[in-house]
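Starting from 1, each residue takes its place in the sequence as its number. Because the structure is a prediction, the values reported are computed rather than measured.
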Amino acid sequence: MAAATAGQGINNASFMELQAMKHYSSSKLPTFGRRSANMSIKRYVFSSCSLSMNGCQGDDHDPRAPIGTIETRTFPAVSTPALAVESLNAAIADMQSQPSASDSGIIRLEVPILEQIEALDWLHSQDQSLHLPRCFFSGRNRITISDLSQSINGNAFNPRTSTSVEDNDVVSVAGVGSAVLFRSLHPFSYHDWLSIKRFLSKNCPLIRAYGAIRFDERASISPEWKAFGSFYFMVPQVEFDELEGSSKIAATIAWDNALSCTYRNAIASLKMTMARVSSVVTRLRQEASHAYITSTDHDPSRKSWDKSVNQALERIKGDYSLLKKVVLARSSKVVTSTDVNPLAWLGSLKGEGKDAYQFCLQPPESPAFIGNTPEQLFRRDEFSIFSEALAATRARGGSESLDLQIAHDLFSSPKDHHEFAIVRENIRRKLEAVCSSVVINPEKVVRKLSRVQHLYGRFSGTLRSEDDEFTILSSLHPTPAVCGFPTEVARDFITDTEMFDRGMYAGPVGFFGGRQSEFAVGIRSALIGKGIGALIYAGLGIVEGSDPALEWEELELKASQFMKLMKLEVPTLATTV
């Protein structure tokens, strides 16, 4: 199994930097991020473990040393969440009276519930004032033949290979508290991946680490993103799983003496969280409550946007330039008349759920990163790997004939085909580097979502080894769809051009598991919190033939669709900069 690390634990309520440890050289292990070979990153010791531990601390131990105990204990099914909580509390009391002899371990206690209850409703029912970290992840429904346009120019999707790669008994997962946390200021590395995998097992498939990674980990972290670090993953202490036709509530205890978190302390921490969890589940309203937009401020402004696009086009057209495509983004700060619960906004997005992943990640005392993204980065099912190419955007038509015409224009557009082909061929080459075989089917079709449509292709392959999961993640991100091509040249241009911090926007969002892992691309997303309102992000690809005015209109389309889903009202007094 994977990776032991050493160091101090971490308090969920705050990160306290006590002293700088030795510099960490990225030449020791491969890192996830640009210019890593020339970077020297400080690691930090954090405050002692009272609510959770940071599993990524320390460099002094064998990163592959196994965890002593990894186990899932399932108890008899009950009819209500309240009875499930009672059963968990009794099991935790038994564990406290019979301490484990192992120096490290992770144990998941789970109680099935006969009724299907929405995980987002359960999360909404927990008191936000508890200041516990929380997460939510909802997978996408299967992509079927009817979701794809097959008749344009004869490019049909082969029905024999239409098996869903999203088909899973788990509909969505919500969690509060962290049994073990993985967070650092340094770029996500192979060492960190091993540290996470160390707590996971094929025999315990629902012990998972949910989280996200920054788009560009070498960029400076702005104040609104500070609590997330360069990456942020958590194994929830208390978790609610929404299943097909039923539900499940689970409690997880993790401990490691080498990380200064003993079994006794971990039990005490779990009991503290359980005491604060509500077993009464109330329905979440599926709209934002009487909120309207008082102002909107774009970064960049329209004038700055035109300048940036023209600079990109000049670079692309240059005789000696390597740049073929660059994805430029916009951050729109939306101030609303009242503070809106990010889960209420996420609930509004759930209507699009069959077409997209929904997610929420919120460290303590931090804004929430939420999103509704249609784009899969990859999914691993043991050695099988799946990925997608998604590029170019058009609105849906108001009638069937208009919608078909728009799809035909999208499919036949040379500019959009060029943008899509860059994405598709880049993903293909990266998968072929670590897979024994790669199949692309369909190669190019129009994927119709409820409000927009894109060019789409799908990949499947077989990994040569489990360690290739890290290679897949670190090589696929960032895709040309959110960065450009060539990757490093495009990322340099973005760094020199964009004046705001993308944070986790356009970065990988999802989970690592022992048997399966799945990551979406964190687009169609926003950072929401008291005092900052909502920062809504949107981006698009600039290639030869792009027009600044048309690209701005596409940004407006993407942002407006997101705001419409959140049912925000735009009064006439609202200003747009």
Side-chain angles (χ1 to χ4, degrees), residues 5 15 17 20-21 23-44 54-57 59 181-196 209-234 326-327 329 331 359 361 363 366-367 369 371 377-378 430 469-484 486-510 512 519-523 525 527 535 537 539:
T5 56
F15 294 100
E17 299 174 358
M21 295 184 69
H23 285 278
Y24 177 82
S25 170
S26 62
S27 62
K28 295 178 182 178
L29 290 167
T31 59
F32 186 95
R34 172 162 93 90
R35 294 177 182 169
S36 57
N38 298 319
M39 295 177 66
S40 183
I41 305 295
K42 289 183 178 180
R43 287 186 180 265
Y44 297 91
N54 189 344
C56 281
Q57 295 305 303
D59 299 315
L181 180 70
F182 306 92
R183 173 200 183 268
S184 182
L185 301 178
H186 71 84
F188 188 68
S189 69
Y190 183 64
H191 179 283
D192 300 314
W193 177 77
L194 289 175
S195 298
I196 295 173
Y210 296 90
I213 300 170
R214 283 174 62 81
F215 170 77
D216 188 351
E217 298 165 291
R218 51 133 201 173
S220 298
I221 302 176
S222 60
E224 67 270 17
W225 288 104
K226 186 176 181 180
F228 292 85
S230 286
F231 59 90
Y232 188 99
F233 288 90
M234 57 181 280
V326 63
V327 178
S331 170
F359 60 84
L361 187 66
S366 167
F369 180 48
L377 183 64
F378 78 91
K430 290 177 176 178
E469 178 180 75
F470 174 79
T471 306
I472 286 290
L473 177 60
S474 58
S475 63
L476 285 183
H477 173 74
T479 69
V482 295
C483 181
T487 301
E488 300 307 321
V489 178
R491 188 150 49 179
D492 281 342
F493 188 89
I494 291 169
T495 299
D496 294 339
T497 303
E498 291 183 357
M499 296 294 106
F500 66 92
D501 180 14
R502 289 193 182 189
M504 267 65 180
Y505 162 71
V509 182
F512 290 110
F519 282 86
V521 181
I523 57 173
S525 55
L527 190 66
L535 295 173
Y537 302 94

J.: Measure the spacing between CG of Leu473 and CG of Leu377 and express it to the nearest 0.5 Å.
T.: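 Leu473 atom CG to Leu377 atom CG measures 6.5 Å (nearest 0.5 Å).
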J.: Does the side chain of Asp216 come within less than 4.5 Å of Ile494's, by heavy atoms?
T.: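 Not touching, per the 4.5 Å side-chain cut-off.
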J.: Return the OG to CD1 distance between Ser474 and Ile213, rounded to the nearest 0.5 Å.
T.: 9.0 Å
J.: Can you tell me how the ring of Phe231 sits relative to the ring of Phe233, calling it parallel under 30°, perpendicular over 60° and tilted otherwise?
T.: tilted
J.: Of the non-hydrogen atoms in Cys483 and Thr487, which two are nearest, and what is the gap between them?
T.: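 Heavy-atom minimum between the residues: SG-O, 3.7 Å.
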J.: Please examine the side chains of Val509 and Leu361, heavy atoms only from C-beta on, and report whether any two atoms are closer than 4.5 Å.
T.: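 No, side chains not in contact.
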J.: Could you grab the distance from atom CG of Asp192 to atom CZ of Arg183, nearest 0.5 Å is fine?
T.: 12.5 Å
J.: At what distance, to the nearest 0.5 angstrom, does CD of Glu469 lie from CZ of Phe378?
T.: 5.0 Å
J.: Is it true that the side chains of His191 and Ser189 contain a donor and an acceptor less than 3.5 Å apart?
T.: no
J.: Hey, can you tell me if Phe188 and Phe470 have their rings parallel, tilted or perpendicular (30° and 60° cut-offs)?
T.: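 Ring orientation, 0 to 90° scale: tilted.
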J.: Closest approach of Val326 and Ala490, non-hydrogen atoms and distance?
T.: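 Looking at all heavy atoms of both residues, the shortest contact is CG2-O, 3.8 Å.
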J.: Of Tyr537, Trp225, Phe215, which is the lone residue that meets side chain to side chain contact (heavy atoms under 4.5 Å, CB included) with Arg502?
T.: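 The passing option is Phe215.
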J.: Phe512 and ring pair (Phe, Tyr, Trp, His ring centres under 6.0 Å): which partner among Phe182, Phe519, Tyr210?
T.: Phe519
J.: Please name the pair of heavy atoms, one in Val327 and one in Glu498, separated by the smallest distance, quoted to 0.1 Å.
T.: O-OE2, 4.1 Å
J.: Atom CG of Asp501 and atom CZ of Arg214: how far apart are they, to the nearest 0.5 Å?
T.: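 It is 4.0 Å, given to the nearest 0.5 Å.
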J.: Run the ring-ring contact (aromatic ring centres under 6.0 Å, His included) test on Phe369 and Tyr505 for me, step by step, so that the C-alpha distance in whole Å, both residues' side-chain angles and the decisive distance to 0.1 Å come before the verdict.
T.: CA-CA 9 Å; Phe369 180 48; Tyr505 162 71; 8.0 Å; no
J.: Of the non-hydrogen atoms in Phe228 and Met504, which two are nearest, and what is the gap between them?
T.: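 Phe228 and Met504 have their closest heavy atoms at CB-CE, 3.7 Å.
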J.: List the atom of Ser331, the atom of Leu535, and the distance in Å for their closest heavy-atom pair.
T.: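 Here Ser331 and Leu535 meet closest at OG-CD2, 4.0 Å.
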J.: What closest approach, in Å, do Ser230 and Leu185 show between heavy atoms, and which atom pair accounts for it?
T.: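 Looks like OG-O, 2.8 Å.
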